[in-house]
Amino acid sequence: KGFDDPKFKEDFVKLEKACQNIIDLSNHASETNNKEIVKRILEYREEITSLASDIEIFSMLRSAVNTADKDLMRLANVQKF
């Protein structure tokens, strides 16, 4: 499987969405219950940690097999975490 695998793409989209959700929650922190916002931010952080780990492990395994992998280098240039 490669970077064009639907599961990989789905995880990357989920990661970006979870990051955006934290930003959105932070922007509205004064409008709602802070306890609920902290809880939701922690849930998103757990999701981010899990997804980022999966993506990183997959990338490292690809790199171990082929250090000249152009797709891997391209991905490394767009990762925001």
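What you see is a predicted model, and the numbers here were worked out from it, not measured in a lab. For the numbers below, each heavy atom of this structure counts, side chains included, while hydrogens, waters and symmetry mates do not.
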What's the separation between atom CD1 in I55 and atom CG in D11, rounded to the nearest 0.5 Å? 5.5 Å
With ILVMFWY side chains joined below 4.5 Å, transitively, what does I57's cluster contain besides itself? L61
Hits for ring-ring contact (aromatic ring centres under 6.0 Å, His included) against Y44, two or more places apart or cross-chain, chain-then-number order -> none
List the residues meeting salt bridge (charged side-chain N to carboxylate O under 4.0 Å, His left out) with K14, not counting sequence neighbours, and say none if there are none. E10
Set of side chain to side chain contact (heavy atoms under 4.5 Å, CB included) partners for E43, sequence neighbours left out: K39, R40
So, taking the atom named CD1 in I22 and the one named CD in E47, what distance separates them when rounded to the nearest 0.5 Å? 9.0 Å
Checking one residue: L42. Which other hydrophobic residues are in its cluster under the side-chain 4.5 Å linking rule? V38
What pairs with Q20 under side chain to side chain contact (heavy atoms under 4.5 Å, CB included), at least two apart in sequence or on another chain? I23, D24
K9: side chain to side chain contact (heavy atoms under 4.5 Å, CB included) partners, not counting sequence neighbours: D4
I37 and S26: CA distance, side-chain angles, deciding distance, side-chain contact (heavy atoms from CB on, under 4.5 Å) verdict: CA-CA 8 Å; I37 286 185; S26 298; over 6 Å; no
S50 (side chain) donor-acceptor with E46 (main chain) under 3.5 angstrom: no
